Amino acid sequence: MWFGALLILLFVSLGAKASECGSQSLIISYRTTPAGRPGLLDALRTRLAPRLEKLRARDALSHYRILFSRFVDSQTWDALVILEFRNDVQSTAWRHVDQKTPGGIDTKNLAASLALESTVSDCVGHGGPLSGNPDPVYMAIPYDYFVSPAEYAAYARAYVEPQTNGWMNAGALNAYQLYMARYPAGRSWMSLLLLAYHGDAGLNERNAVVAATRKSLATNPEWTARAQGKQHIRAEKAAMIADMIAGQ
């Protein structure tokens with residue numbers, strides 16, 4: 001319980017607004033076989049998306065996004081769903097759904113080939129709107145970190161956010177959210193950086209924009225110190241490219 005309270009304090013200190021990210025998030029990864037991808041995509045579009053929209057329409061859910069990976073990759077997820085809850089009433093509403101239809105999908109055809117991981121999370125940093133930009137292309141980057149949650153949040157504020165803000169200023173990035181798993185032990189990630197690029201054009205500019213932003217930040221002593229010591233803070237894991245197939 002103390003961990004959740006600490007992350008709420010970090011959430012406020014980083015300037016994240018509850019109206020944007022919610023007081024609690026749930027990030028669900030869906031993994032199937034290569035042959036199961038078409039069926040999973042259909043289930044997400046025809047079963048999960050309407051269910052989430054009904055929850056949002058009756059104020060039982062704040063925001064949702066359903067992402068589907070562009071390419072098959074047996075090492076990680078095929079779909080990622082991000083649910084934002086404004087309060088405990090909303091998170092309880094989802095628990096009732098999950099009890100009857102795990103992961104919000106009620107198709108028996110996928111049961112034998114589908115693995116799910118649900119990670120209770122807190123949004124500890126963000127920039128730009130969760131929705132409203134046309135045709136975003138998402139990059140999801142998971143991390144493990146080796147310091148306390150407070151130290152990691154300070155690192156994110158000093159090192160990550162100046163870069164993501166620079167990418168938005170350059171026009172390549174629409175928005176970003178940084179999540180920390182509330183109960184990270186044994187999870188496939190401890191923090192997750194979700195980047196919403198300005199379409200394929202924005203994604204294609206990523207490498208050039210990253211290099212230009214880092215060059216401009218090199219004159220900032222605090223940022224430079226964080227950059228030199230980041231390998232002692234966190235380990236980056238495999239990034240995924242995905243398209244949003246539904247969201248509000």
Side-chain angles (χ1 to χ4, degrees), residues 7 21-22 24-49 51-52 55 61-85 90-91 94-95 97-124 126 130-131 136-145 175-197 234-248:
L7 287 182
C21 282
Q24 179 179 303
S25 306
L26 184 68
I27 300 178
I28 310 171
S29 63
Y30 302 72
R31 183 174 175 180
T32 187
T33 61
R37 278 173 61 87
L40 174 60
L41 179 58
D42 179 70
L44 293 170
R45 282 175 168 161
T46 63
R47 294 172 175 82
L48 181 59
R51 180 169 284 126
L52 295 179
L55 287 173
L61 181 65
S62 182
H63 294 283
Y64 70 91
R65 280 163 294 172
I66 304 176
L67 310 182
F68 197 78
S69 64
R70 283 197 166 182
F71 308 105
V72 64
D73 189 335
S74 298
Q75 302 302 311
T76 184
W77 48 266
D78 293 284
L80 199 69
V81 171
I82 302 98
L83 306 180
E84 306 285 354
F85 306 119
Q90 290 187 342
S91 61
W94 174 254
R95 289 204 302 273
V97 171
D98 193 69
Q99 288 169 0
K100 296 179 180 179
T101 55
I105 298 179
D106 53 3
T107 176
K108 296 181 180 179
N109 295 333
L110 290 171
S113 63
L114 188 63
L116 287 80
E117 182 180 25
S118 298
T119 304
V120 178
S121 309
D122 294 278
C123 179
V124 297
H126 77 87
L130 291 181
S131 58
V137 177
Y138 282 86
M139 176 180 283
I141 310 175
Y143 297 90
D144 286 336
Y145 56 83
Y176 70 90
Q177 289 81 40
L178 177 64
Y179 296 92
M180 292 175 65
R182 188 173 289 190
Y183 316 112
R187 291 288 169 184
S188 59
W189 54 268
M190 299 175 70
S191 74
L192 182 71
L193 180 61
L194 193 63
L195 304 169
Y197 280 94
R234 90 294 183 272
E236 183 173 339
K237 306 175 85 171
M240 291 292 287
I241 306 298
D243 297 294
M244 186 171 73
I245 61 174
Q248 289 289 343

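Everything quoted here is computed from the prediction, not taken from an experiment.
Every residue meeting the salt bridge (Lys or Arg N to Asp or Glu O under 4.0 Å) condition with Arg37, not counting sequence neighbours, appears here in chain and number order: Asp78. In this structure Arg45 satisfies the side chain to side chain contact (heavy atoms under 4.5 Å, CB included) test together with Leu41, Ile245, sequence neighbours excluded. Scanning for side chain to side chain contact (heavy atoms under 4.5 Å, CB included) contacts around Asp73 gives Gln75, Thr76, Met240, with sequence neighbours left out. Applying the side chain to side chain contact (heavy atoms under 4.5 Å, CB included) test to Thr46 and every residue at least two apart in sequence or in another chain returns Asp42. Looking at residues two or more places apart in sequence or on another chain, you find a side chain to side chain contact (heavy atoms under 4.5 Å, CB included) between Val120 and Gln24, Leu26, Arg182, Tyr183.
Within the 4.5 Å cutoff, the side chain of Ile82 has heavy atoms near those of the Tyr179 side chain. Between Phe68 and Ile66, the closest side-chain pair of non-hydrogen atoms is not below 4.5 Å. The side-chain heavy atoms of Leu114 and Tyr30, taken from C-beta on, include a pair separated by under 4.5 Å. Tyr138 is not listed as a side-chain neighbour of Leu80, based on a closest heavy-atom distance of 4.5 Å or more. Looking at heavy atoms from C-beta onward, Val97 lies out of side-chain contact with Leu52 at the 4.5 angstrom threshold. In this structure, the side chains of Arg65 and Glu84 come closer than 4.5 Å at one or more pairs of heavy atoms.
Taking CG from Leu55 and OG from Ser62, the interatomic distance works out to 12.0 Å, rounded to the nearest 0.5 Å. Leu178 contributes atom CG, which lies 8.5 Å from atom OH of Tyr143 (distance to the nearest 0.5 angstrom). How far OH of Tyr176 is from CD1 of Ile141: 13.5 Å, rounded to the nearest 0.5 Å. Taken to the nearest 0.5 Å, the CD1 atom of Ile241 stands 10.5 Å off from the OG atom of Ser69. Interatomic distance, OG of Ser25 versus CG of Leu83, reported as 8.5 Å (0.5 Å rounding). Note: Leu48 CG to Ile28 CD1 = 7.5 Å, rounded to the nearest 0.5 Å.
Here the shortest heavy-atom pairing between Tyr64 and Ala49 reads OH-O, 4.2 Å. Shortest non-hydrogen contact noted between Pro34 and Pro38 is O-CD, 4.0 Å. The shortest heavy-atom contact between Pro136 and Ala196 is CB-CB, 4.3 Å.
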- Task: Begin with the C-alpha distance, continue with both residues' side-chain angles, and end with the deciding distance and a verdict on side-chain contact (heavy atoms from CB on, under 4.5 Å) for Val81 and Ile27.
- Result: CA-CA 6 Å; Val81 171; Ile27 300 178; over 6 Å; no
- Query: Under the side-chain contact (heavy atoms from CB on, under 4.5 Å) criterion, do Gln248 and Leu61 qualify, and how do the steps go?
  - Reply: CA-CA 10 Å; Gln248 289 289 343; Leu61 181 65; over 6 Å; no
Output a table of donor-acceptor pairs, distance under 3.5 Å, between side-chain atoms of residues 188-195 and any protein atom two or more places apart or on a different chain; print 'none' if there are none.
residue, atom, partner, partner atom, Å
Ser188, OG, Glu117, OE1, 2.8
Ser191, OG, Tyr152, OH, 2.6

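Looking at Lys237, Arg234, Arg187 one by one, the single match for side chain to side chain contact (heavy atoms under 4.5 Å, CB included) with Asp144 turns out to be Lys237.
For Asp98 (side chain) and Gly103 (main-chain N/O), a donor-acceptor pair under 3.5 Å exists by modelled atom type.
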